[in-house]
Amino acid sequence: MEIKVANSSGFCFGVKRAIDLAEQIAETNKEVYTFGPIIHNPQEVERLEQKNIKVVEDYSKIENGVLVLRTHGIPLDIYNKLSEKKNIKLIDATCPFVKRAQDIVKELSSDAKTEQIVIVGEKAHPEVVAVVSYGNGKCLVVEDKKDIKNVRKTDVIYIVSQTTQSQKKFDEIVEEISKISKVKVFNTICRATFDRQSAAEKLAKEVDAMIVIGGKNSGNTTRLYQICSAITKAYHVENVDEIKKDWFNNINTVGITAGASTPDWIIERIKNKIEEYSI
Ligand code: SF4
């Protein structure tokens, strides 16, 4: 059985930057926290915990130390409250691409003429929740086509994307909203997401099965799985123990891809396991 790895997969620039920052800080500080998991990958979060980088979900419980803000960003009101805490040093590891989406929404919403900003993304995803917080109450989240009924007819509808949205879905939703009013589109899908999705789609067309590696709570990994499973047999796994030998019966070629929050060491372990099964 041949094993092919997608040209673009695994850690992206934003995730690598956040983890490097947290690890550097932990070398010289005893109390290092991340506000929520720094990335959506439980195994990597566990590895960081062993380096004494702890996850806190409730920021009011910490009084001292360094608090690293995750790649997805945090809501503006919480950011402001944290900034007031004198004994907490904030390190903002929000990915610059997420920051760009926040800045666009902030600028648009500060214009009195802006009536409606549509965010194409998952309503409950931390990145979307944070981006919406910059919108001064003018944002509407459209998760899929059924939410389009909530979009109002206004002079201009501004549309911004969750950074990890699938390009295809974004284009389809933009097309539908364009039928309601004039639109102004800000495509804030990040390059890393676009590259990983294109590479996964290309590889899925060449193989008999795809293994998609990444956190079950990772939006961008789930999107890779959706893209691959629409083309070929696909399995979404988080760790090596989930790999089953019988998946590879009668398979000649298997492809591997991984979400932007999946570390190389997990990809390598899984690749080795598949190699064992291919003998
Ligand atoms: S997937 Fe894109 S937006 Fe998200 S952390 Fe990585 S580079 Fe940044």
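Reckoned from all heavy atoms, side chains included, excluding hydrogens, waters and symmetry mates. For clarity, every value in this text was computed on a predicted model and none was experimentally measured. In this chain, residues are counted from 1 in sequence order. Indexing begins at 1, ligand by ligand and atom by atom, following the structure's order.
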Peer 1: Would you find a donor on one side and an acceptor on the other, under 3.5 Å apart, between the side chain of Glu143 and the backbone of Lys123?
Peer 2: yes
Peer 1: Which ligand 1 atoms are under 4.0 Å away from a heavy-atom of Cys190?
Peer 2: 1 (S), 2 (Fe), 3 (S), 7 (S)
Peer 1: Ignoring hydrogens and angles, write down the donor-acceptor pairs under 3.5 Å from the side chains of residues 197-206, residues two or more places apart or on other chains.
Peer 2:
{"from": "Ser198", "atom 1": "OG", "to": "Phe194", "atom 2": "O", "distance (Å)": "2.9"}
{"from": "Glu206", "atom 1": "OE1", "to": "Lys4", "atom 2": "NZ", "distance (Å)": "3.3"}

Peer 1: Could you check whether any side-chain N or O of Arg196 sits under 3.5 Å from a backbone N or O of Gly10, counting only pairs where one atom can act as donor and the other as acceptor?
Peer 2: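 The answer is yes, because a donor-acceptor pair under 3.5 Å joins these two groups.
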Peer 1: Working note: Asp246 + Lys244, criterion salt bridge (charged side-chain N to carboxylate O under 4.0 Å, His left out); need CA distance, chi angles, decisive distance, verdict.
Peer 2: CA-CA 6 Å; Asp246 61 6; Lys244 302 272 181 301; over 6 Å; no
Peer 1: For atom 4 (Fe) of ligand 1, find the nearest protein heavy atom and state the residue, atom name and distance (0.1 Å precision).
Peer 2: Thr163 OG1, 4.1 Å
Peer 1: With atom 8 (Fe) of ligand 1 as the reference point, say which of Gly73, Gly14, Cys95, Cys12 has the nearest heavy atom.
Peer 2: Cys95
Peer 1: Could you walk me through whether Asn80 and Glu84 satisfy the side-chain hydrogen bond (donor to acceptor under 3.5 Å, both in side chains) test, starting with their C-alpha distance in whole Å, then the side-chain angles of each, then the deciding distance to 0.1 Å, before giving a yes or no?
Peer 2: CA-CA 7 Å; Asn80 291 339; Glu84 285 164 12; over 6 Å; no
Peer 1: Near Thr193, which atoms of ligand 1 are under 4.0 Å from a heavy atom of that residue?
Peer 2: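 Contacts of ligand 1 toward Thr193, numbered from 1: 1 (S).
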Peer 1: If the contact criterion is a heavy-atom separation under 4.0 Å, does Asn220 count as touching ligand 1?
Peer 2: no
